[in-house]
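Here is the structure we will look at.
Since we're looking at a predicted model, the values are computed, not measured. The chains referred to below are lettered A, B, ... by the order of the sequence lines, with proteins before strands, and numbering in each begins at 1. Hydrogens, waters and symmetry mates are skipped; everything else that's a heavy atom, side chains included, is used.
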Amino acid sequence: MSEEKKVKWKDTLNLPKTNFPMKAQLNRREPEILEKWENMDIYRSILEKRKDDPIYILHDGPPYANGNIHLGHALNKILKDFIVKTKSMEGFKAPYVPGWDCHGLPIELKVDQELGSSKKDMSVLDIRHKCRNYAEKFLKIQKKGFKRLGIFGDWENPYKTIDPTYESSIIKYFKSFVKNKSVIRKKRPVFWCNSCQTALAEAEVEYSNHLSSSIYVKFLLKDIPDFLGKYKNKEIFVVIWTTTPWTIPANLAIALHPDYDYSLFEMKGEYYICATRLIPVLADILKTDYKKIIEFKGSKLNGLNTIHPLYNRNSLIINTNYVELDSGTGCVHTAPGHGEDDYRAGLEYNLDIYSPVDSKGHFDNTTGKYEGKEIFKANSEIIQDLKNNNRLMYETQIEHSYPHCWRCKKPVIFRATEQWFISIDTADLRKKALNEIKKVKWYPAWGEERISNMVENRPDWCISRQRDWGVPIPVFFCKDCGEALLSIEAIDKIEKIFNDLGSDSWYKEEISEFLPEGITCKKCGCKNFEKGKDILDVWFESGSSFSILEKLPGHKFPADMYLEGGDQYRGWFHSSLLVAITTKDQSPYKTVITHGWALDEHGKAMSKSLGNIIEPQSIIEEQGAEILRLWVAMVNYKEDVRLGKEILSRVIESYRKIRNTWRFMLGTISDFNPEKDSIPDEHLREIDLFILYKLQKLKQKIFEAYTNYEYHIIYHTISNFFTIDLSSFYLHVIKDNLYCNSPNSKKRRSTQTVIFKLLKETILLIAPILSFTTEEAWENMPDFEGKENSVHLNLFPKIEKKYLNIIDNDKWEKIIKLRDKILKEIENARDAKIIGDSLEAEINLDLNDEYYNLVSSNIKIFKEILVVSKINLKKSEKEKISIRKSNGKKCPRCWNWFLDDTGENKLPELCPRCSLEIEELNFDPE
RNA sequence: GGGCCUAUAGCUCAGUUGGCUAGAGCGCACGCCUGAUAAGCGUGAGGUCGGUAGUUCAAGUCUACCUAGGCCCA
């Protein structure tokens, strides 16, 4: 047959036709779709559509307005978008107002760096102005990044922690803590630079080598325990080691590990105690030998007193688990005012947080002879005094890593300063929090245990920072006696002023604007006050974010959902809970979901030093945001998630599969008008009904997964459905029907009716995940009554129970099983070069009664699902499946093989079916 | 050092209360098709379940320890 003729027969077929391209070119197409959404104001259109529906609130945790968005941001925002879109399609009014955390140290530090030495000459207001600009700049950058991901939300009106109304709410919530007496002032050690006379944050401290005196100091044991009764009359010394002799005056305790072994030993005629393991080290340093006398656990000395080597006061032996045995003596010099561990131990043992050093680094008047002396300079005098008192065992110099001020490069110290705290127990906050935690649904479930442990063990919340970029703590100090003033009346005024003018007003306005008339110092009675200089911890700020839920119309408190990374158990979940309990007497969230960390393909955290950072921008530019969205759906976000080259290519592969399947389906219904051509259920072909049955099963599974926020299940379910049920089975098998039967035939329209439904419903089902591609596919769907302008304006399709009952599933399972068996035989025949295309095959089936009946009563179905030209059926107890090449000829139109034995074909070269079709078409092959 | 989490084929995931030869899709190999074509179809090969030791008639599934990794603290 001529090529020309072949082409002509092909022209009589109904082949797929669509404008939906196979190549996605997402990086080009996505911006177009974004523009469409922008133009139609998709976010508000959806809310308008759901305006009378119940409200669902996912409250956004504010990212920090610093830097470009990273993969973790993308993961977080995409997951939130899944939920918001799902809820919309489930029939909720689900507004989503993104937020930003704009105050805080990282921005202030960046601005510091940019300003350099010019900062000295700037006012607080000027610095704050610079910080604000910095935050606004990155907010814009991040917003653009998030929108590019296809996240729907109120991007024009996000909430910001620097909004005046937001700042006002912070003050209002702070007031609640003041009212219930939780706000207290007490000492706490912080990094302190004597030269700059300022507190430093951890991030402002640089470690470099420093030469220090290293001394071993003897503390005389005052209380001899019973088990050392034999030595009651001896002087026994507990030996400590330190590299900061100037903290010896502040020593209040000696810490021993309760479980480690300690010994009493004799050395140079004196009796000492230190950790057993470290005695040889000590002996080595002193170049002497020793005699171990008795060994005991550290817990045996707990609570005993020693005598301070410089003062006539006690130093208590305590037990802590931060004691280590890799250096020193195992007996740790503890000055609660000068170290973090020391501080915690001090709290536990109710010691004074004693820090006899002023802001310039000079000893105060509680230190006797050292008063007024600069601490580092006093080192040698202290060492000399120890020596004079026979309390110095050994002295040397060592070089070690020591914290220095990043600005002036001088060594810093730990110094206890007065700070503001929220007491966790004064108003039963801890107890209430633990109780509220139980009422919240935590995904994954272990989250409840994790946050409970944290709340149970957390110390009081230090909420003051000696910084400029934040919301000032609304407190005043008496100019005469220094007493702090926390006045509800004043805070009321501040709340109002901040609401109108923002927190800059604290630095602009006269103090009289904030203070109530005639207020006096409770302690000294005077009327002179100054404004406090500290700002609030930013966690208090972000923890107040639920305030927007009260203010925004169409929102509600508490939120239905908070969703953040696992680090927020300590952060936002935690602070929000504490603030909400104090201000609203309940948890701010009903459900909390946490996601894991985004790691590289080997499961390692991404870092600059490892050079394994994957930026979402590069994926968006090269593959498209949709690929990132599908990746988020693919992985189990409740654990840490990985991303790398291979993973990405798997995502792309499965994206193509979904896209191509839709493309094919769109092609097959190009001549289908759903309103005119649809076939009613009772006339649908059985195989078409069967795939509708499968579709209902699919919906059941998908909806369940959406309900449980299990997107990876959706991904796998969809992927399997598209691959197994659609591509390799249904869509493969109905081609003959669609291509070869006359366009308007019932059997063809039956299949189109079903494909239309499959297409529409699968698009809707995946819309929350593949938001761009579903939109594109939706646009390419044939028009039908009520077709929305955007896929995202729709509700999810309903499960249609009628299709669940029409199908005899047991029968179909048998059919599919037998099909698999026969396909294996067909493959064998191919291997043996008997056939190529399956249509060349003629199947001989010898089957037992049951299967004979199954096939004979469904012979048309079998011919269709096997895509073969003929089936010969025989009854036999012994099952046998064999394949042979058809001995007929190939119909050039439909490619089925047929025996030209009727003689009735008007076009003898065609098979009888095609001959009739052509007749109907009035097609002239010549 | 502490709290919590993770570890099943190359990749992403399933594996109910411990119970037959550990499943899926993708990828891979081989083949078919050329009327979904930078597509489609079929067949097949891949894990002994991070390691060790236990409990049990029986463990991927329970216990202990170890290793690797993650978050948060210290």
Side-chain angles (χ1 to χ4, degrees), chain A residues 6-7 9-18 20 22-23 72 257 320-324 340-341 344 444 446-454 456-459 565-571 574 594-605 630-631 633-636 638-654 656-657 659-668 710 712-713 715-724 727-729 731-733 735-736 738-740 820 822-831 833 835-840 867 893-895:
Chain A
K6 264 191 197 171
V7 170
W9 291 130
K10 185 175 171 179
D11 289 344
T12 70
L13 296 173
N14 320 300
L15 294 178
K17 217 162 63 189
T18 176
F20 185 79
M22 177 178 280
K23 272 197 88 172
H257 197 292
T320 70
N321 53 15
Y322 62 75
V323 175
E324 282 169 8
E340 183 67 27
D341 284 338
R344 285 173 188 275
W446 49 256
E448 179 174 346
E449 194 185 342
R450 186 163 177 190
I451 194 163
S452 291
N453 283 344
M454 283 178 181
E456 217 164 295
N457 297 315
R458 69 156 299 146
D567 54 335
Q568 299 303 333
Y569 287 111
R570 168 62 67 182
H574 197 122
T594 49
H595 56 77
W597 227 241
L599 311 175
D600 76 4
E601 56 196 326
H602 307 294
K604 292 252 167 74
L630 193 55
W631 168 71
M634 176 178 78
V635 296
N636 181 1
K638 282 166 192 154
E639 299 161 10
D640 292 340
V641 295
R642 298 178 181 205
L643 185 58
K645 236 179 151 188
E646 174 166 10
I647 295 169
L648 203 57
S649 65
R650 286 303 88 78
V651 180
I652 294 167
E653 296 283 350
S654 63
R656 286 210 192 108
K657 184 69 183 184
R659 183 177 181 91
N660 266 333
T661 306
W662 276 334
R663 175 178 136 89
F664 179 65
M665 288 162 91
L666 283 166
T668 59
E710 293 181 317
H712 65 290
I713 297 207
Y715 168 88
H716 283 281
T717 305
I718 285 290
S719 174
N720 283 1
F721 185 73
F722 272 57
T723 305
I724 300 168
S727 189
S728 83
F729 179 69
L731 297 177
H732 181 60
V733 133
K735 282 178 196 165
D736 180 86
L738 288 175
Y739 294 175
C740 308
D820 287 342
I822 298 170
L823 287 180
K824 280 193 176 69
E825 290 303 323
I826 292 177
E827 182 63 18
N828 287 339
R830 244 196 292 270
D831 279 350
K833 305 287 177 206
I835 55 159
D837 186 357
S838 61
L839 282 173
E840 292 170 27
V867 197
R893 181 169 179 271
C894 73
W895 296 349

- The side chain of A:D567 lies closest to which of these nucleotides: B:C72, B:A74, B:G42? B:C72
- Do we get A:R659 above A:F20's six-membered ring, with its NZ or CZ under 6.0 Å from the centre and within 45° of the axis? yes
- Query: Given the C1' atoms of B:C65 and B:C73, what is the spacing between them in whole Å?
  - Reply: 24 Å
- Task: Starting at OH of A:Y739, measure out to CZ of A:R893 and round the result to the nearest 0.5 Å.
- Result: 13.0 Å
- Item | Donor-acceptor contact below 3.5 Å, side chain A:S654 vs main chain A:V651 | yes
- Message: Using a 4.0 Å heavy-atom cut-off to protein, can you give one letter per nucleotide of nucleotides 3-12 of chain B, 5' to 3': B if the base is in contact, S if only the sugar-phosphate is, - if neither?
- Response: BSSS---BSB
- Task: May I ask you to decide if the ring planes of A:W662 and A:F722 are parallel, tilted or perpendicular, using 30° and 60° as cut-offs?
- Result: perpendicular
- Item | Straight-line distance of A:L738 CG to A:L13 CG, nearest 0.5 Å | 11.5 Å
- Item | Base-pairing mate for B:A7 - Watson-Crick or G-U, with both contacts under 3.5 Å | B:U67
- Checking all strands, does A:I724 fall into the base, sugar-phosphate, or nothing category for heavy-atom contacts under 4.0 angstrom? sugar-phosphate
- Distance, rounded to the nearest Å, where A:F729 contributes CZ and B:G42 contributes P: 11 Å
- To the nearest angstrom, how far is A:L731 atom CG from B:A39 atom P? 17 Å
- Message: Work out how far the C1' atom of B:A36 is from that of B:G70, and round it to whole angstrom.
- Response: 43 Å
- Got a donor-acceptor pair under 3.5 Å from the side chain of A:T668 to the base of B:A36? no
- Which of these nucleotides, B:G40, B:C72, B:U43, is closest to any side-chain atom of A:W597? B:C72
- Message: What's the separation between atom OG1 in A:T661 and atom CG in A:L666, rounded to the nearest 0.5 Å?
- Response: 11.0 Å
- Item | B:G47: pairing nucleotide in any strand, Watson-Crick or G-U under 3.5 angstrom | none
- Task: Round to the nearest Å and state the distance from A:N720 atom CG to B:C26 atom C1'.
- Result: 10 Å
- Rounded to the nearest 0.5 Å, how far does CG of A:N828 lie from CG of A:L823? 11.0 Å
- Measure from the side chain of A:H732, starting at C-beta and using heavy atoms only, and say which of B:A36, B:U43, B:C41 lies closest. B:C41
- Sort out the partner of B:G23 for me: Watson-Crick or G-U wobble, both distances under 3.5 Å, none otherwise. B:C13
- Item | A:F20 CZ to B:A36 C1', straight-line distance once rounded to whole Å | 13 Å
- Of A:R656 and A:L15, the one whose nearest nucleotide on RNA chain B sits closer to the 5' end is A:L15
- For B:G46, does the glycosidic angle fall within 90° of 0 (syn) or outside that (anti)? syn
- Please work out if A:D341 contacts a base, only the sugar-phosphate, or nothing of the nucleic acid, heavy-atom cut-off 4.0 Å. sugar-phosphate
- Euclidean distance for P, B:U21 against B:U48 (whole angstrom): 16 Å
- Message: Nearest to the A:K657 side chain among B:C41, B:G25, B:G31, which nucleotide is it?
- Response: B:C41
- Query: Which of these nucleotides, B:C41, B:A36, B:A38, is closest to any side-chain atom of A:S728?
  - Reply: B:C41
- Task: Just call it for A:K833: base, sugar-phosphate, or nothing, with non-hydrogen atoms closer than 4.0 Å on any strand.
- Result: sugar-phosphate
- Item | Minimum-distance nucleotide to A:K824 side chain [options: B:G44, B:A36, B:G35] | B:G44
- Check whether any side-chain nitrogen or oxygen of A:S727 sits under 4.0 Å from OP1 or OP2 of B:C41, and answer yes or no. yes
- Message: Between C1' on B:C30 and CG on A:N828, what's the gap in Å once rounded to a whole number?
- Response: 13 Å
- Message: Which is more 5' along RNA chain B, the nucleotide nearest A:T723 or the one nearest A:D831? Just name the residue.
- Response: A:T723
- Message: Students often get this wrong, so: under 4.0 angstrom with heavy atoms, is A:W631 touching a base, only sugar-phosphate, or nothing?
- Response: nothing
- Message: Students often get this wrong, so: under 4.0 angstrom with heavy atoms, is A:R659 touching a base, only sugar-phosphate, or nothing?
- Response: nothing
- Take atom C1' in B:C72 and the same atom in B:A14, then report the distance between them in whole Å. 30 Å
- Span that lies between the P atom of B:A64 and that of B:U6, in whole angstrom: 14 Å
- Determine the Euclidean distance between corresponding C1' atoms of B:C20 and B:C57; express it in Å to zero decimal places. 15 Å
- Message: Under 4.0 Å, counting only non-hydrogen atoms across every strand here, what does A:G667 touch: a base, just sugar-phosphate, or nothing?
- Response: nothing
- Between B:A39 atom P and A:L666 atom CG, what is the distance in whole Å? 18 Å
- Task: In whole angstrom, give the distance that lies between atom CD1 of A:I835 and atom C1' of B:G31.
- Result: 12 Å
- For A:S654 and B:G25, is the shortest distance between a side-chain N/O and OP1 or OP2 below 4.0 Å? no
- Message: In this structure, how many angstroms lie between the P atom of B:A68 and the NE2 atom of A:H602, rounded?
- Response: 17 Å
- Side chain of A:L823: nearest nucleotide among B:G69, B:G42, B:G25? B:G42
- Salt-bridge test for A:E827 and A:K824: reply yes if a basic N is under 4.0 Å from a carboxylate O, no otherwise. no
- Query: Rounding to the closest angstrom, what is the interatomic distance between B:G44 and B:U52 at atom P?
  - Reply: 33 Å
- Task: Would you mind pulling out the nucleotide paired to B:U34, Watson-Crick or G-U wobble, both distances under 3.5 Å?
- Result: none
- Item | Span that lies between the P atom of B:G19 and that of B:C30, in whole angstrom | 39 Å
- Query: For B:U56, what is the paired nucleotide under Watson-Crick or G-U wobble rules, both distances under 3.5 Å?
  - Reply: none
- Message: For a salt bridge (Lys or Arg N to Asp or Glu O under 4.0 Å) check, start with the C-alpha distance between A:E653 and A:K657, then their side-chain angles and the critical distance, and finish with the verdict.
- Response: CA-CA 6 Å; A:E653 296 283 350; A:K657 184 69 183 184; over 6 Å; no
- Item | Residues in salt bridge (charged side-chain N to carboxylate O under 4.0 Å, His left out) contact with A:R663, at least two apart in sequence or another chain | none
- Message: Base, sugar-phosphate or nothing for A:N660? Non-hydrogen atoms, less than 4.0 Å.
- Response: base
- Salt-bridge present (A:R650, A:E646; N to O < 4.0 Å): yes
